[in-house]
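First up is the structure itself, then whatever we jot down about it.
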Amino acid sequence: MSLPKSNLKEFLNKNKGYNILKRSKDTTIIKLPNGKLLKILDDKLLKIISNTGYNLETRLNEVKNLNKFTNFSWPTMMLEDDGIVKAYVMSEIPGVDFTNYYENILNLTSYASIHSQIETNIKNGNNVGIIFPDLCTTENIRITHDNKVFFIDYDGLQIKHMPAVGYSDYLGTPKDVLVKKYYDHKSNLFTKELDIKSAIFLYFVDVFGIDLGAVNQINPYTGQNISLDEIFSMINLDNADIQQKVWRLFQPASIPNEFLGDDLYKLAEKERLVLPFPNAPIKVLRKK
């Protein structure tokens, strides 16, 4: 059974009074009078999606097979223009996007609870065949008013055998991401290991102000490669379990990644003053 389909121009005429929430280089997000959201993709992005071998319409219709994953703003209708599906409607998730949330972190224990939900959502998505290569684009994560975590932005995901449109730049360069551990070049599909890497990278950026993508890159101030040990020393991270989980991210495919899991709460027990790389803003977190 396919999602309901309607004409985009006719739909907008019937929903006058809508508000444009956001325009980006390739999408427009509109809030409809009934509170639902409409996402319109431009022709360039639609072509990129089609080049994966599965156009937007095909991807949207796959939603019917993924209903066991509940913490997601699923598409409810698709809209076409000139016979091509270019947009879809999804339910609004009241709250704030994760970008606004993590920039105001003061309570590490509360943040640990949020990040634990992110890890759980990833696991549940993986179980139904979803990979989230663009997870570190934190506008794709919503925090509700009662501190529940939902994912949005359906069209760019890797869904079972349908390749993702791309991946977050936070994860490193192509030589860091498009390797055997994280990407199968025969199928053009990412592995679940990438999602674990995304979750840990996200945590370190949020809490420590540290970009793990800089590991093994040249520090322009010293001319030397940045090592994990230097990062651990910089943030006074001496927990061997956590160090091991981060270390695994940079090892070959034979060494699988691990989620932070309960270690999130171990980290939250300590008050931290975080000193990022030179010229980065200092981020101060105090446990309440």
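Computed from a prediction, not measured in an experiment: that's the story for all the values here.
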Item to complete: Check whether Phe208 and Leu202 end up in the same hydrophobic cluster, where Ile, Leu, Val, Met, Phe, Trp and Tyr are linked by side-chain heavy atoms less than 4.5 Å apart.
Response: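 Yes, because Phe208 and Leu202 connect within a single hydrophobic cluster, where side-chain heavy atoms sit under 4.5 Å apart.
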Fill in: SB check Glu80 Lys86 (cutoff 4.0 Å)
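Not counted as a salt bridge, because no side-chain N and carboxylate O are separated by less than 4.0 Å.
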Worksheet entry | Lys/Arg N to Asp/Glu carboxylate O, Asp155 vs Arg59, below 4.0 Å |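 So Asp155 does not pair with Arg59 through a salt bridge.
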Worksheet item: Just checking, Lys31 and Tyr18: is the charged tip under 6.0 Å from the six-membered ring centre and within 45° of the axis?
Response: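 No - Lys31 does not lie over the ring of Tyr18 by the 6.0 Å and 45° rule.
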Practice prompt. Check whether NZ of the Lys or CZ of the Arg Lys197 lies under 6.0 Å from the centre of the six-membered ring of Tyr182 and within 45 degrees of that ring's axis.
Written response: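 So Lys197 does make the cation-pi contact.
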Shortest non-hydrogen contact between [X] and [Y], atoms and distance:
X	Y	value
Asp153	Phe72	C-CZ, 4.2 Å
Tyr265	Ser113	OH-CA, 3.4 Å
Val63	Tyr154	N-OH, 3.3 Å
Thr76	Lys36	OG1-NZ, 4.2 Å
Leu66	Glu62	CG-O, 3.7 Å
Phe201	Gly213	CE2-N, 3.3 Å

Ring-ring centroid check [X] [Y], cutoff 6.0 Å:
X	Y	value
Phe151	Phe132	yes
Tyr203	Tyr111	yes
Phe190	Tyr183	yes

Worksheet item: Is the shortest heavy-atom distance from the side chain of Lys245 to the side chain of Asp263 under 4.5 Å?
Response: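 Yes - at least one pair of side-chain heavy atoms lies under 4.5 Å apart.
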Worksheet item: Do Leu157 and Ile131 touch side chain to side chain, with heavy atoms closer than 4.5 Å?
Response: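 SC-SC contact between Leu157 and Ile131 ruled out.
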Worksheet entry | Asn126 and Asp195 side chains, donor-acceptor separation under 3.5 Å |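 Note: Asp195 and Asn126 side chains meet the donor-acceptor criterion.
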